[in-house]
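All chains are named by letter (A, B, ...) in the order of the sequence lines, taking the proteins before the strands, and each is independently numbered beginning at 1.
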Amino acid sequence: METVISLPQVGESVTEGVIGKWLKNTGDHFEKYEPLVEVVTDKVTMEVPAPFDGILIEILAEEGQTLPMGAPIAKAETEGMSDQEANTLSAEPPPKPENSPSITTTSASSPQEATSRARIGTFTEGTWGGPTGGLPVEEEETPPSTTHSVPQTIPSQPAQQPPVIANTTTMPEGQSIRSSSVVSRLAQEHGVDLSEIKGTGLGGRITKKDILKAIELREPGGVTGQVTGTTPISLTTQQDTPPQIAPDEEAVAISPLRRTTANNMVRSVQEIPRAWMTMEVDVTNMVLRRNEVKKEFRAREGVPLTYLPFVINVVVDALRECPDVNSRWGVDKIIRRKRINIGIAVATAQGLLVPVLHDADKYSISELAGAAYALIKKAGAGTLGLEDVQGGTFTVNNTGALGTIFTVPIINYPQAAIITTEAIVKRPIVLDDDIIAVRHMMNICISFDHRILDGQGAGSFLSRVKKGIEAIGPTTPV
Amino acid sequence: MASRTILVLCLKILFPPSGGFVALKTVVEAVREAMYEEMKRDDRVFLLGEDVGRRGGVFLASQGLLEEFGEERVMDTPLAEAAICGVALGAAVKGMRPIAEVQFADFVWPAINQIIGEAARVHYGTNGVLNAPMVVRSPYGGGVKGGLYHSQSIEAYFAHTPGLKVVTPATPFDAKGLLKSAIRDNNPVVFLEHKRTYRLVKGEVPEEEYTIPLGKADVKLEGNDVSVFTYGLMVHYAIQAADVLSQEGISVEVVDLRTVRPLDVETIVRSVEKTGKVVVVHEDNLTGGVGAEVSGIIAEHAFEHLDGPIIRLAGPDVPAMPFSPPLEATFLLNTEKIANGIRQLASY
């Protein structure tokens with residue numbers, strides 16, 4: 001009888017495989033355990049053995065196709081087996097050790113509507129509340145028996161209950177405040193000092209509601225969504241207790257922005273395995289082009305023309321051609337971002353801000369200049385909105401303005417990479433035909449997430465940026 | 001124009017937008033319908049148990065099935081639970097899809113060897129060659145003055161066993177959809193129906209064909225302050241408690257686990273992320289009950305989100321539910337006890 005052959009689970013942490021060469025063609029006979037097809041997982045190629053004797057009827061998975069474990073790869077006619085045996089082969093594999101639900105074979109699925117009270121149902125007799133043990137119900141207002149409707153008071157019922165909360169010890173004075181994980185985390189993320197909050201919980205403890213209220217007062221709308229299960233547990237344990245200050249030291253208070261930056265940097269460094277590369281770029285033509293048009297541009301657009309819009313324009317093209325650089329790590333997949341939203345690192349009096357230019361690939365160079373200028377101005381004035389700093393997919397940092405020629409930046413979590421443009425320095429350079437000339441040189445550096453990108457991927461991206469910048473010339477539209 | 005409006009109105013009444021007719025059914029009616037429909041749909045499905053045929057079941061859960069499907073498919077068995085479940089296992093391994101009824105959950109003990117010792121291990125032990133697509137269904141739970149031998153909760157023993165699925169519906173809608181899925185499932189499923197809900201709970205059940213996937217919990221009531229994880233009859237008391245507490249400004253989320261093996265970890269964790277406070281409620285004894293597993297899962301997967309200790313409200317660790325009514329009421333949880341427990345945690 002006809003059966004489907006599926007891609008078997010070939011390794012513990014392996015979730016998918018790429019189909020390689022088919023070793024049998026349709027119509028071929030095969031024996032049990034004979035290899036049918038090659039499958040590439042991680043970096044290793046393996047063979048899938050036939051689970052029974054049979055004839056290959058149809059190949060369902062083409063060479064080069066990526067499929068998850070358990071996906072059907074072929075149809076085959078079984079030989080020399082009873083219907084029952086063949087039937088049970090298509091039963092799902094034994095459940096995995098973890099508590100994951102096994103696959104069921106339901107065909108129709110339940111209606112999608114949320115559970116309504118009508119579907120929950122009501123009691124058909126007057127036993128609201130549960131058995132009373134035969135004792136008379138004291139209240140006269142016994143609730144109507146056919147609904148879950150709430151009476152004014154609950155009829156008195158037997159059985160005293162001991163207090164359910166076992167550990168209700170209150171902290172003696174002078175001790176550090178003990179708070180739950182979620183309260184500590186929220187306090188850390190938003191730079192809230194727990195000693196300033198009055199707790200409304202048992203024994204004066206600070207509850208999640210208390211701290212959420214405090215955060216709301218401090219930064220309205222500032223509490224971002226819940227932490228997902230991907231937060232590494234060890235994230236802030238080192239930073240929990242501030243150290244003592246020695247007599248020859250002085251404490252300087254830090255802004256909430258500084259605190260947030262610190263947390264983001266720690267998170268990025270702890271989670272992302274970062275590698276770094278640099279290339280030098282001949283920007284002589286870009287310098288010439290800019291100098292040529294900057295006066296007229298200023299008069300026409302009302303904003304100054306810097307090198308930043310030229311660079312961003314080249315970067316977005318390179319990102320379009322290298323979509324893995326515009327992505328984030330998804331544990332068992334790379335999550336490519338469909339929009340290209342460029343974050344621009346800006347140093348302000350309060351600290352480092354990274355406003356985001358959304359859909360930067362839709363702008364021309366002059367539009368980029370205007371948009372970037374507006375964002376940078378807002379950043380300096382401290383008037384950036386939440387939407388201005390959210391949604392970034394890639395970051396550009398002009399560290400060259402500080403005078404550096406190499407920078408190893410920290411990736412703006414959870415992006416895949418960050419690029420810096422260094423100082424433009426005139427250097428003697430050897431050109432083709434071994435001529436020595438003085439050229440404007442600018443290094444570009446990239447820090448990248450080595451889980452997502454290898455040297456190959458990052459290098460090819462950086463190379464495209466280099467070539468794109470070097471291709472800027474007198475005909476580049478501004 | 002007017003006649004067209006009337007026609008549209010008539011159609012809207014006859015065919016409500018949700019896509020079909022609904023009817024009000026009790027839990028036992030929903031169970032009966034599920035078995036009827038599955039037996040009609042698949043010739044391999046048959047029912048066996050004590051008094052299921054001519055009597056129609058002591059709770060009338062199989063009323064009318066013998067007349068419809070005949071003796072070959074609705075079998076009255078001797079008083080021998082090991083045989084009921086053992087025969088079901090043998091038939092399942094050979095390609096049938098039996099529903100074995102254990103008349104009261106309290107009677108299942110002689111069949112433990114067949115269910116846990118054998119059925120649970122067939123697929124694994126034969127390296128996937130054989131499997132046992134059988135359902136063992138049984139009424140469980142107390143509050144019916146059933147005493148020692150007609151009130152027990154047995155889910156914890158099966159929920160501990162890999163190779164089994166264990167389902168505990170609370171509403172007619174869930175009972176029908178889940179039982180259909182259980183019958184169609186290729187694994188042995190222990191399907192436990194709280195006998196108190198059989199005729200006590202009446203709710204909407206669509207006429208159209210539907211199933212509910214096993215292993216998925218259901219948020220019966222949404223809330224923000226405390227999550228209550230529960231199953232069976234306690235779901236209804238938890239909802240009543242939530243209604244009382246909402247008047248005191250405490251917003252309670254009631255999650256009906258529906259399947260206690262495998263537990264829906266995702267839904268559980270998502271609820272804890274939302275509220276930070278957890279009360280687990282079940283009628284079964286406290287120690288080693290399903291609540292302990294739920295607590296372990298939360299402590300492991302949602303520790304960072306907890307804003308208070310995990311509270312379990314459960315039956316006391318007493319060997320049996322008493323027969324005397326005041327003692328039975330002392331044993332059992334009720335709306336007030338559940339509300340008290342939630343209230344204390346909410347103020348922590």
Side-chain angles (χ1 to χ4, degrees), chain A residues 83-85 87-89 91-95 99-102 104-111 113 115-116 118-125 127-135 148 150 154 157-159 161 163-167 180-183 185 201-202 205 207-208 226-227 229 231 233, chain B residues 94-95 123-124 128-131 143 162 171-173 177 181 184-187 199-204 206 209-215 218 220 237 239-240 243-244 247 262-263 265 273 276 301 303-307 309 311 325-326 328-330 332 334-337 340-341 344-345 347-348:
Chain A
D83 278 1
Q84 168 66 16
E85 281 173 44
N87 223 356
T88 55
L89 277 168
E92 58 269 18
N99 214 349
S100 53
S102 25
T104 60
T105 55
T106 53
S107 44
S109 57
S110 60
E113 299 104 71
T115 307
S116 63
R119 287 223 172 121
I120 292 172
T122 58
F123 284 178
T124 56
E125 333 162 0
T127 54
W128 188 94
T132 59
L135 297 178
H148 279 316
V150 179
I154 305 176
Q157 281 161 352
Q161 223 174 344
V164 294
I165 311 238
N167 49 339
S180 64
S181 298
V182 67
V183 168
R185 174 175 50 80
L202 206 60
R205 76 173 273 276
T207 67
K208 182 174 158 189
Q226 312 287 350
V227 170
T231 316
I233 293 174
Chain B
K94 291 304 272 182
H123 194 62
Y124 177 84
V129 174
L130 300 177
N131 66 313
T171 68
F173 177 79
S181 292
R184 299 185 197 184
D185 198 302
N186 286 341
N187 300 287
R199 279 190 270 278
L200 180 66
V201 178
K202 197 163 190 171
E204 266 189 19
E209 165 79 15
Y210 75 99
T211 59
I212 297 176
L214 306 188
D218 182 36
K220 290 281 193 290
Y237 293 148
I239 292 175
Q240 289 178 350
D243 287 340
V244 170
Q247 301 189 332
L263 286 165
V265 178
E273 282 176 2
H301 295 280
F303 177 74
E304 298 283 313
H305 301 279
L306 284 173
D307 193 33
I311 298 302
E328 185 187 47
T330 306
L332 286 169
N334 55 40
T335 305
E336 185 181 5
K337 293 181 194 176
N340 278 340
Q344 283 188 50
L345 183 60
S347 66
Y348 175 80

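With rounding to the nearest 0.5 angstrom, the CZ atom of Arg185(A) is 5.5 Å from the NE2 atom of His305(B). To the nearest 0.5 Å, the span separating OG on Ser180(A) from CG on Leu306(B) amounts to 8.0 Å.
Residues Val201(B) and Phe123(A) come closest through the heavy atom pair CG2-CE2, 3.9 Å. Considering every non-hydrogen atom in both Ile120(A) and Thr171(B), the closest pair reads O-CG2, 3.2 Å. Closest non-hydrogen pair, Lys208(A) versus Gly276(B), comes out as NZ-N, 4.1 Å.
With hydrogens and angles ignored, the 3.5 Å screen pairs no side-chain donor or acceptor of Thr124(A) with any backbone N or O of Lys202(B).
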